[in-house]
Visitor: 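Mind looking over this structure? Questions follow.
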Amino acid sequence: MSALRHEIRVELGARAYPIRIGAGLLANAPCWRNAITGKHALVVSDENVAPLYLQRVTAGLRDATLSTWILPAGEAHKTLDSAAKIFAALAQLGASRDATLIALGGGVVGDLAGFAAACWMRGIAFVQMPTTLLAMVDSSVGGKTGVDLPQGKNLVGAFHQPRAVIADTDTLASLPDRELRAGLAEVVKYGALGDADFFDWLEVNAAALLARDPDALADCIAHCCAQKAGIVARDETERGERALLNFGHTFGHALETVCGYGVLLHGEAVAIGMCLAAGLSQRSGRSTAADTTRLRDLLVRFGLPTSIPAGTDADALLAAMRLDKKNASGRLRVIAWRGVGRAEIFDDVEAAAIRAELTAAR
Ligand code: NAD
Ligand code: GLY
């Protein structure tokens, strides 16, 4: 049975698009088929997701000239090499400028396929069909696409908005527990950065979310998407406010790079990164120890790590942070906060202050 529970629009003028959230949406083609343009469609997915859900999507594409490209799963495959393989699949399909690329999977598939869609013939339509909690609440919305380099996360990419985001909450039933928890880190981020009431709601509903209560999950996803849609509509290309969505990410991306892609899940690295950002904020007198503790306690309840893995080199982390996209003219920029619900941009941070936090938080 299919039930559309929420619909949110990302208001970007002629490029506005819907985020549809509910049970059974993948198999309900009328809910997404109007986002498919042209005759050719390529569905990109990964080897965990495709056996479970690909057929639901291909069944709805009966009228298209269709091809599929299935990647090995995991962050280690979000590379230029994988993008080149998608380009080859598009060429073999004969995909013209009116073709559509569909990303069915988590954030790795979404970022990679979105990047390929941004590049193929200078940009073709794409549709996000996220199947992880993390992708439903964050990566499928807002048009950031890209791949990792050995030197750093997401260093090559493009802004390219999808034509629709279809979040079928039934797919969360098969998500491994660790992946669900990683998604909850990005959920906590929304409360921490800009919505204290939502943070309160998460504290009250933590058990329901961990138990995968369908209504709690759908309402939580909708809340995060509405918050993100508003920010993206006001600042699509991150000239200002959108940077706040990177709370915890400067540290988190450095951890992912230094520990090796896939060792820490993205959400786990963000959880640790948010604790580091809170610690740095506290160290600079912006926020209180009580706020840091409250953030840490919620992350712990969600089963997430909150300190740097033993043996991680602080100088290597600092070097990786220097390549972060938010930095300008060699100055380090971190998203700090004034407490729950109040993040802000912290410009020109002293490397010594960051090193102190990286050394203390073990
Ligand atoms: P992922 O795509 O690697 O998926 C996690 C794992 O779950 C994979 O093994 C996948 O095969 C499996 N999986 C996915 N859906 C499943 C399902 N329904 N049932 C069973 N298994 C399933 O990781 P992720 O956490 O979804 O995404 C992380 C990526 O997202 C990172 O690369 C990160 O940089 C990126 N990201 C991008 C943005 C953005 O704005 N573009 C925002 C946040 C994160
Ligand atoms: N995940 C950060 C952003 O979309 O801007």
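Order of appearance sets the numbers: ligands from 1, and atoms from 1 within every ligand. In this text the structure is predicted, and so the values were computed from the model without any measurement. FYI, the numbering just counts along the sequence from 1.
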Visitor: May I ask you to list the atoms of ligand 1 that are less than 4.0 angstrom from any heavy atom of Glu186?
Guide: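 The atoms of ligand 1 under 4.0 Å from a heavy atom of Glu186 are 43 (C).
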Visitor: Checking a contact table here: which protein heavy atom is nearest atom 10 (C) of ligand 1, and how many Å away?
Guide: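 In this structure, atom 10 (C) of ligand 1 has Asp46 OD2, 3.3 Å as its nearest protein heavy atom.
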Visitor: For ligand 1, note which part of Ser139 has a heavy atom under 4.0 Å away: side chain, backbone, both or neither.
Guide: both
Visitor: Applying a heavy-atom cut-off of 4.0 Å, say which part of Glu47 lies close to ligand 1: side chain, backbone, both or neither.
Guide: neither
Visitor: Please confirm whether the backbone N or O of Arg338 pairs with a side-chain atom of Arg342, one donor and one acceptor, at under 3.5 Å?
Guide: yes
Visitor: Which of the numbered atoms in ligand 1 are below 4.0 angstrom from a heavy atom of Lys228?
Guide: 40 (O)
Visitor: Give the residue and atom name of whichever protein heavy atom lies nearest to atom 19 (N) of ligand 1, and the separation in Å to one decimal.
Guide: Ser174 OG, 2.7 Å
Visitor: Below 4.0 Å, non-hydrogen atoms only: which portion of Pro176 touches ligand 1? Side chain, backbone, both or neither.
Guide: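 Answer for Pro176: side chain.
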Visitor: Closer than 3.5 angstrom, by distance alone: can the side chain of Asp170 be matched with the main-chain N or O of Ala23 as a donor-acceptor pair?
Guide: no
Visitor: Measure from NZ or CZ of Arg9 to the centre of the six-membered ring of Tyr17, then state whether that distance is under 6.0 Å and the direction lies within 45° of the axis.
Guide: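 No; the conditions do not both hold, so Arg9 does not lie above the ring face of Tyr17.
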Visitor: Anything under 30° is parallel, anything over 60° is perpendicular, the rest tilted; go ahead and classify His253 against His249.
Guide: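 Because their plane-to-plane angle is over 60°, the rings of His253 and His249 count as perpendicular.
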Visitor: Counting heavy atoms only, which of Asn154, Thr145, Val141, Asp138 comes nearest to atom 43 (C) of ligand 1?
Guide: Asp138
Visitor: Which part of Lys144 is near ligand 1, with near meaning a heavy atom under 4.0 Å away: side chain, backbone, both or neither?
Guide: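 Both backbone and side chain of Lys144 come within 4.0 Å of ligand 1.
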Visitor: Tell me whether the rings of Phe87 and Trp120 are parallel (<30°), tilted (30 to 60°) or perpendicular (>60°).
Guide: parallel
Visitor: Please check this pair: side chain of Arg20 against backbone of Leu25, looking for a donor-acceptor N/O pair closer than 3.5 Å.
Guide: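 No: the side chain of Arg20 does not pair with the backbone of Leu25.
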Visitor: Using a strict 4.0 Å cut-off to heavy atoms of Ala73, name the atoms of ligand 1 that fall inside it.
Guide: 9 (O), 11 (O)
Visitor: Quick check on side-chain contact (heavy atoms from CB on, under 4.5 Å): which of Ile308, Asp315, Thr312, Asp313 does Val258 satisfy it with?
Guide: Thr312
Visitor: Could you check whether atom CD of Glu7 has more than 12 heavy atoms from other residues, nucleotides or ligands sitting under 6.0 Å from it?
Guide: yes
Visitor: Check this for me: Asp63, atom CG, are more than 12 non-hydrogen atoms of other residues, nucleotides or ligands nearer than 6.0 Å?
Guide: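 12 or below, so no.
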Visitor: Considering Leu134, Thr131, Asp148 one by one, which has a heavy atom nearer to atom 28 (C) of ligand 1 than any of the others?
Guide: Leu134
Visitor: Would you check the N or O atoms of Asn48, main chain and side chain alike, for any that come under 3.5 Å of an N or O of ligand 1?
Guide: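 Yes; at least one N/O pair falls below 3.5 Å.
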Visitor: From the options Val108, Leu172, Leu112, select the one whose nearest heavy atom is closest to atom 1 (P) of ligand 1.
Guide: Val108
Visitor: Find out whether Tyr53 and Ser45 are in side-chain contact, i.e. whether some heavy atom of one side chain is under 4.5 Å from a heavy atom of the other.
Guide: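 No, every pair of side-chain atoms sits at 4.5 Å or beyond.
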Visitor: Going by the closest heavy atom to atom 27 (O) of ligand 1, which one wins out of Gly106, Ala50, Gly107, Gly252?
Guide: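 Shortest heavy-atom distance from atom 27 (O) of ligand 1: Gly107.
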Visitor: Assess the residue pair Leu61 and Val43 against the criterion (side chain to side chain contact (heavy atoms under 4.5 Å, CB included)); give the C-alpha distance rounded to whole Å, side-chain angles, the decisive distance to 0.1 Å, and a yes or no.
Guide: CA-CA 10 Å; Leu61 288 166; Val43 187; 3.9 Å; yes
Visitor: Pull out every atom of ligand 1 sitting under 4.0 Å from any heavy atom of Leu175, numbered as shown with elements.
Guide: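 So the answer, numbered in order with elements, is 15 (N), 16 (C), 17 (C), 19 (N), 20 (C), 22 (C).
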Visitor: Within a strict 4.5 Å, meaning less than it, do heavy atoms of the Gln128 and Leu104 side chains meet?
Guide: no
Visitor: Please list, in number order, the atoms of ligand 1 under 4.0 Å from a heavy atom of Tyr53.
Guide: 18 (N)
Visitor: Numbering the atoms of ligand 1 from 1, which are under 4.0 Å from a heavy atom of Thr171?
Guide: 17 (C), 18 (N)
Visitor: At less than 4.0 angstrom from any non-hydrogen atom of Lys153, what atoms of ligand 1 do you find?
Guide: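 Within the 4.0 Å cut-off of Lys153, ligand 1 contributes 31 (C), 32 (O), 33 (C), 34 (O).
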Visitor: For a 4.5 angstrom cut-off between non-hydrogen side-chain atoms, does Leu265 reach Glu179?
Guide: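 Sidechains of Glu179 and Leu265: in contact.
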Visitor: Who's touching ligand 2 if we go heavy atoms under 4.0 Å?
Guide: Asp138, Lys144, Lys228, Glu238, Arg242, Leu245, Asn246
